[in-house]
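Everything on this sheet refers to the single structure shown next.
Worth saying up front: this structure is predicted, and the values here are computed from it rather than measured. Quick note on labels: first sequence line is chain A, next is B, and so on, each numbered from 1.
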Amino acid sequence: MREKSKTHVTLIILALTILGLFLANRFLDAYQVRIINLSGIYVTLGLSMNLINGMTGMFSLGHAGFMAIGAYTVGILTMPVSMKEMNFFMQPIVPFLAQVEWGFLPALFAAGLIAAFFGVLIGAPVLRLTDDYLAIATLGFAEIIRVVFTNTQSLTNGALGLKGIPNYTNTWWSWGVALITIWFISFLMKGTYGKAFLAIREDEVAARAMGISLFKHKVMSFAFGCFFAGVAGGLMAALLGTIDPNMFRITLTFNILLIVVLGGLGKIGGTVISAVIVTVMMEALRFLDESIDLGFVQLKGIPGMRMVVFSIILIFAVIVREKGLLKRAKGRELTYVKN
Amino acid sequence: MLKIENLHMRFGGVVACNNFNAEIEKGQIVGLIGPNGAGKTTIFNVITGVYRPTAGQIIFSPTGKEQHPLAGLSPDTIAKLGVCRTFQNIRLFGELSVLENVFIGNHLRVKSDVFSTVLRLPHYVAEEKKLYEKSLYLLEKIGLQDTRDEKASSLPYGMQRRLEIARALATNPTLLLLDEPAAGMNPQETRELIQFIREIKQEFDLTIFLIEHHMDVIMEISEKIYVLDHGVLIAEGNPHEIQSNEKVVEAYLGVG
């Protein structure tokens, strides 16, 4: 009975989302649709990071690096051949990629898989570390990716970045992927593997004593998180049309971390809502960066002011609602699916 | 079932366990006692793979046929072989529900791969249903079925101890190691615990190795007792022999 009504609620939310997207495409202007797209991408990013940090309890700050891998994969694979020639004028692109022109779906898959591959590659040695050591190692990895991408001229076009990536991303793509991510992670957390991730978060010693292989499960969780980070990076590339290595700085990771912390570590519903709120607020608070006319006094615009405001919000959120903005009464959380 | 030979465990200059020998036979309840700091928990940690012994052997043979040397294996491999434990300082998955705690104990026996759990393929759903039924049965067994949705850390102390046992039982062990199961329990709870340990031993065909400070518990249920002092085995025998052993009395009360 409870299961059934839950399925109904899920279906209603799904229908409303589709209707909402349809109406948005119909009536909103390009700028607003773009924000909706970004929201969808940030939902995917927030959830993928929450899987690693919130649900498995690994403090990883490598997200921007895995996004970069995904973004460049999609960029290079989907870009038309003529466009590649124009982009790579300093040094021609490596021959085996020069003639490649894939569809968006296979390119997105490739983006996820390559990011996951690097996730396993870096995760295998690094996930033995815990807490802040892991954070430093993953942060370093993300920076290495950025530096490598800046210097591999014939593969990534270096600091010039890629321009003219086909704009495949629309609201159906961005929110379609977001819904698949929500579904994937919800069902993952409902099954025994997800529960094993939670067990690792709660107590590694006890988890091992219960026969849970830390290495296997941590790498698994990390690879899933990286897969979705890569896919989201690919969506981002196809939304913006232009990417360069400097987009994928540590600040990007912190934006996602902000979403995860506001949404609540380990919570799916909270992450979705906070991803949308944060993305919309990032745009809505843009006026803070510009000069403000209060009538009697002119305030000079300070670029980056909205990030200051956001940091303050984050500090308050962490102090007041340490378990995330969404919290149901009686300690019951809007969390992974309960049986 | 379990044979420990010449076990040494050294931490730097500290010898936590020196030349320990023990043998546990199938279906026995064996006690391990000794004053605080005698190295009892260290022996449990070595058996379950938390520490790698400095020297010595631990042979686990669940059916009597195959022999698994446990020294050097990882804790999760040892748990899969059928050795499971509880902890002296309770280590539940505190933020998770009571039911989830027991359910996680089943994970090592899950045959489905991760993708069939995400796609909820019929064979996984059937498997999961069975595991939930088993978990609920175990909860009923320890009398916690009404608190299945509570947070594990919100339970009273005695219940947490029982929940830890249920979680360990969910892994289908053949050898169960209980580290001070009666710690912090009142006499009434302790009586229930003795009854409970006997019941699960019968029902799940277990061999039990336990550390305990409550002498009444250990004397009542153990068939064999090992006494440890400063990492050295000072006595072994049945409860009657241990009670009248001079060395044991000395270790506990000091020399008169």
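Residues Phe184(A) and Val118(B) share a closest heavy-atom pair of CD1-CG1, 3.5 Å. In this structure, Gly191(A) and Arg120(B) approach most closely via the heavy-atom pair N-NH1, 4.5 Å. The minimum heavy-atom distance linking Ala209(A) with Cys84(B) is given by the pair O-SG, 3.7 Å. Scanning all heavy atoms of the two residues, the minimum distance from Val205(A) to Arg91(B) falls at CB-NH1, 3.6 Å.
The NZ atom of Lys195(A) sits 8.0 Å away from the CD atom of Glu128(B) when rounded to the nearest 0.5 Å. The CG atom of Leu108(B) lies 14.0 Å from the CZ atom of Arg208(A); values are rounded to the nearest 0.5 Å. Summarising the geometry, atom CZ belonging to Phe197(A) is positioned 11.5 Å from atom CD1 belonging to Ile104(B); distances are rounded to the nearest 0.5 Å.
Contact annotation: the side chain of Asp76(B) never approaches that of Ile212(A) to less than 4.5 Å [non-hydrogen atoms, C-beta and beyond]. Looking only at side-chain heavy atoms (C-beta outward), Met210(A) and Arg167(B) come within less than 4.5 Å of each other. Proximity of Glu202(A) to Glu100(B): side-chain heavy atoms (C-beta onward) are nowhere separated by under 4.5 Å.
Other residues, nucleotides and ligands place more than 12 heavy atoms under 6.0 Å from the NZ atom of Lys141(B). In the displayed structure, Phe104(A) atom CZ is contacted under 6.0 Å by more than 12 heavy atoms of other residues, nucleotides or ligands. Counting non-hydrogen atoms of other residues, nucleotides and ligands closer than 6.0 Å to OH of Tyr133(A) gives a total of 12 or fewer.
Heavy atoms of Thr171(B) lying under 4.5 Å from chain A belong exclusively to its side chain. For a residue to count as touching a neighbouring chain, one of its non-hydrogen atoms must lie under 4.5 Å from one of that chain's; by this rule Leu81(B) does not touch chain A. Of the two parts of Ser112(B), only the backbone, made up of N, CA, C and O, holds a non-hydrogen atom closer than 4.5 Å to a non-hydrogen atom of chain A.
In terms of non-hydrogen atom pairs under 4.5 Å with chain B, the most contact-rich of Ile185(A), Leu188(A), Leu214(A) is Leu188(A). When each of Asp113(B), Ile78(B), Thr86(B), Asn101(B) is checked for heavy-atom pairs under 4.5 Å with chain A, Asp113(B) comes out on top. If you tally non-hydrogen atom pairs under 4.5 Å between each of Val50(B), Thr117(B), Val114(B) and chain A, the highest count goes to Val114(B).
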Could you go through the ring pair (Phe, Tyr, Trp, His ring centres under 6.0 Å) check for Tyr193(A) and Phe115(B) one step at a time? CA-CA 10 Å; Tyr193(A) 286 87; Phe115(B) 292 103; 9.3 Å; no
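Evaluation of the ring pair (Phe, Tyr, Trp, His ring centres under 6.0 Å) test over residues 77-103 of chain B, restricted to residues two or more places apart or in two chains, returns Phe103(B)-Tyr132(B).
Residues satisfying the ring-ring contact (aromatic ring centres under 6.0 Å, His included) criterion with Phe117(A), sequence neighbours excluded, are absent altogether.
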